[in-house]
Number of protein chains: 2
Amino acid sequence: MESRNQTFENLPGDKRERVLAEATREFAEHGYHQASVNRMVQRLGIAKGSLFKYFGSKQGIFEYLFGQTVAEFKKPLKAIRDDASGDLFERIERTLLAGADFVATHPLVYSIYLKMVYQEGFPMRDTFLSEIRRASDKFLRTLVANAAESGQLRPDIDPDMAVLHLDAVMDRFLQSCAVAALNPGVATIPDRATIRARARGVADFLRHGLGGPLHQQSKEIQCKS
Amino acid sequence: MESRNQTFENLPGDKRERVLAEATREFAEHGYHQASVNRMVQRLGIAKGSLFKYFGSKQGIFEYLFGQTVAEFKKPLKAIRDDASGDLFERIERTLLAGADFVATHPLVYSIYLKMVYQEGFPMRDTFLSEIRRASDKFLRTLVANAAESGQLRPDIDPDMAVLHLDAVMDRFLQSCAVAALNPGVATIPDRATIRARARGVADFLRHGLGGPLHQQSKEIQCKS
DNA sequence: GGTAGTGGTGACCAGGTGGTCACTTTGTGT
DNA sequence: ACACAAAGTGACCACCTGGTCACCACTACC
């Protein structure tokens with residue numbers, strides 16, 4: 001067995017946490033390349049050599065964080081998946097709120113995630129992203145399949161496309177909870193009440209669309225028959 | 001008058017273009033901080049001093065590009081806004097296709113835009129983003145207002161929220177045309193035919209939502225009355 | 001006291017960064 | 001042929017980066 005990282009594991013718990021918290025902050029604020037090991041050790045008040053003894057390299061630091069984080073990232077989804085109460089759109093709404101909670105309590109982790117998506121050159125980027133995507137895709141696909149069976153979904157819509165749209169809208173909702181610039185007009189992070197209202201609005205929109213009476217004609221015909 | 005940039009403006013047109021193209025490529029590939037002036041001049045086969053004589057600083061290079069690009073970024077939107085044929089959702093579909101065209105013909109420019117949104121530390125970031133957002137917001141708001149007047153929009157939906165949803169779905173559609181990782185399963189850039197089909201699907205989804213027969217009950221009641 | 005193993009240290013390194021500037025080359029008008 | 005200006009050059013600078021390693025301080029066992 002290689003004794004990698006043994007030094008770091010032996011450290012007292014509070015010091016470990018301080019180091020990881022500081023590293024998380026640094027990567028969240030600056031992305032990968034622009035993150036500075038010098039800054040980390042300076043803020044931690046420890047010597048640079050120590051950090052490199054713990055993790056071997058800058059990439060080592062990031063990958064350690066990364067491993068710790070991925071599991072936590074998936075937890076909220078599992079809880080929702082196992083709670084089958086309500087129809088598709090109610091479950092979606094619960095998922096949105098769970099996601100918003102996660103972003104609110106782990107803003108730095110979510111910030112790293114966003115930077116990884118749009119910034120190339122992160123170590124492990126492809127591995128990580130495909131893993132996350134696959135999990136999310138599987139989750140939505142299950143939801144959609146169940147909904148389609150019980151007629152909660154328009155029969156003329158391709159389930160794959162439905163998953164695509166759900167993913168798009170939900171992901172964007174999450175981003176708007178974290179990125180100020182994505183909130184039109186105000187350009188600030190919304191508060192909890194706004195988020196709850198918006199989640200409901202999103203679910204309602206997903207259910208019924210935006211089309212007005214002029215576009216309900218086809219459905220009126222259905223009524224007459 | 002300050003004679004800033006005069007040297008660059010005096011250059012023969014093809015050389016100007018080569019320089020700008022190379023700079024665009026560099027920023028698109030590496031973002032702002034990670035972009036290297038050394039690499040630019042090496043690939044261009046000119047001396048570093050020349051670039052700094054043209055633009056003064058790295059930030060100067062970026063801001064020059066930036067100014068050239070913003071106008072081009074808005075062009076497609078204007079064409080759509082002035083063509084009022086069709087209802088809201090048909091216009092949305094045209095907008096989507098125009099956007100996809102822009103992304104396909106200016107992938108580097110769009111790549112820079114995406115990096116700016118999710119990567120802090122770009123010069124002019126706030127100025128630039130708020131300008132773009134404002135333009136996009138104004139455009140959608142006009143479309144929605146017109147649609148609401150002629151009953152193309154569900155009367156019980158807040159126009160502001162409608163704009164929010166439209167912006168989210170459309171922006172995400174555009175991103176999926178450029179970022180491979182956002183295309184579930186395949187994780188590749190879609191071809192033109194796929195894009196056209198997907199744009200239609202998006203418009204249809206925006207119009208009617210995803211909800212199936214079980215959720216059309218309220219509308220059947222409308223029919224009876 | 002001796003010694004082995006631990007975590008901790010910071011001066012130092014090679015390499016890359018944006019930026020400078022004294023200098024050379026080129027073009028043009030007379 | 002000469003002068004003058006504009007364009008072009010690349011060695012050089014200070015600074016920062018990730019990474020190294022010989023050395024130090026402390027504890028524990030004999």
Side-chain angles (χ1 to χ4, degrees), chain A residues 1-20 22-27 29-66 119-124, chain B residues 1-20 22-27 29-66 115 119 121-124:
Chain A
M1 286 294 162
E2 307 161 18
S3 68
R4 27 177 277 184
N5 252 341
Q6 198 51 57
T7 331
F8 184 65
E9 305 286 358
N10 291 343
L11 255 44
D14 56 337
K15 179 163 187 179
R16 276 212 312 273
E17 278 179 27
R18 271 191 64 230
V19 171
L20 289 180
E22 184 55 50
T24 306
R25 169 183 168 184
E26 181 68 18
F27 285 119
E29 280 182 0
H30 300 96
Y32 182 74
H33 287 293
Q34 199 62 9
S36 159
V37 180
N38 290 338
R39 208 158 29 204
M40 289 186 211
V41 298
Q42 192 184 347
R43 282 208 272 236
L44 282 167
I46 67 176
K48 182 149 52 157
S50 300
L51 254 198
F52 280 90
K53 201 160 261 177
Y54 301 159
F55 303 108
S57 68
K58 181 183 183 179
Q59 179 162 345
I61 304 174
F62 182 78
E63 289 179 9
Y64 190 90
L65 273 189
F66 166 85
Q119 199 174 339
E120 286 143 41
F122 265 87
M124 321 278 301
Chain B
M1 287 289 164
E2 307 162 18
S3 68
R4 26 178 277 185
N5 251 344
Q6 198 50 56
T7 331
F8 185 65
E9 304 287 358
N10 291 342
L11 255 45
D14 56 337
K15 179 164 188 179
R16 275 212 314 273
E17 279 179 28
R18 271 191 66 230
V19 170
L20 289 180
E22 186 55 50
T24 306
R25 170 182 168 184
E26 183 67 19
F27 285 120
E29 279 182 0
H30 299 98
Y32 181 74
H33 287 291
Q34 200 63 10
S36 160
V37 179
N38 289 340
R39 208 159 27 205
M40 290 186 209
V41 298
Q42 192 184 349
R43 283 209 271 236
L44 283 167
I46 67 174
K48 182 150 51 157
S50 301
L51 255 198
F52 280 91
K53 200 160 261 177
Y54 301 158
F55 302 109
S57 66
K58 181 183 181 178
Q59 178 162 344
I61 305 173
F62 182 78
E63 289 179 10
Y64 190 90
L65 272 191
F66 165 86
K115 286 200 167 64
Q119 200 173 338
F122 265 85
M124 321 278 301

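Remember, it's a predicted structure, so these values are computed and weren't measured experimentally. Below, read A as the first sequence line, B as the second, and so on, with proteins coming before strands; counting in each chain starts at 1.
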Can you check nucleotides 4-11 of chain D for protein contacts, nitrogen or oxygen pairs under 3.5 Å, and list what you find?
residue	atom	partner	partner atom	Å
dA7(D)	OP1	Asn10(B)	ND2	3.2
dG8(D)	OP1	Lys15(B)	NZ	2.8
dG8(D)	OP2	Tyr54(B)	OH	2.7
dG8(D)	N7	Lys53(B)	NZ	3.2
dG8(D)	O6	Lys53(B)	NZ	3.0
dT9(D)	OP2	Ala47(B)	N	3.1
dT9(D)	OP2	Ser50(B)	OG	3.4
dG10(D)	O6	Gly49(B)	N	3.4

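The ring pair (Phe, Tyr, Trp, His ring centres under 6.0 Å) check on Phe52(A) picks up nothing, with sequence neighbours excluded. Residues forming a salt bridge (Lys or Arg N to Asp or Glu O under 4.0 Å) with Glu29(A) (at least two apart in sequence, or on another chain): Arg25(A), Arg43(A). Annotation: side-chain contact (heavy atoms from CB on, under 4.5 Å) contacts of Ser36(A) (sequence neighbours excluded): Glu26(A), Asn38(A), Arg39(A). Remark: Asn10(B) engages Gln6(B) in a side-chain hydrogen bond (donor to acceptor under 3.5 Å, both in side chains) (not counting sequence neighbours). Every residue meeting the side-chain contact (heavy atoms from CB on, under 4.5 Å) condition with Gln59(A), not counting sequence neighbours, appears here in chain and number order: Tyr32(A), Ser57(A), Glu63(A), Pro123(A).
Rounded to an integer number of Å, the gap from Glu26(A) CD to dG18(D) P is 9 Å. Nucleotide dT20(D) holds its P atom 14 Å from the NZ atom of Lys58(A), rounded to whole Å. Atom pair His33(A):NE2 and dT17(C):C1' shows a separation of 15 Å (rounding to whole Å applied). Distance CZ (Phe52(A)) to C1' (dC12(C)): 14 Å, rounded to an integer number of Å. Atom CD1 in Ile61(A) sits about 13 Å away from atom C1' in dT17(D), given to the nearest Å. Here dT17(C) presents its C1' atom at 11 Å from CD of Gln34(A), a figure rounded to the nearest Å. As a whole-Å value, the separation of Arg16(A) CZ from dG8(C) C1' is 17 Å.
Between Asn38(A) and dT17(D), a side-chain N or O to OP1/OP2 separation shorter than 4.0 Å is present. Remark: Ser36(A) is in phosphate contact with dT17(D), judged by side-chain N or O atoms under 4.0 Å from OP1 or OP2.
Using a 4.5 Å cut-off on side-chain heavy atoms (C-beta onward), Leu51(B) and Val19(B) make contact.
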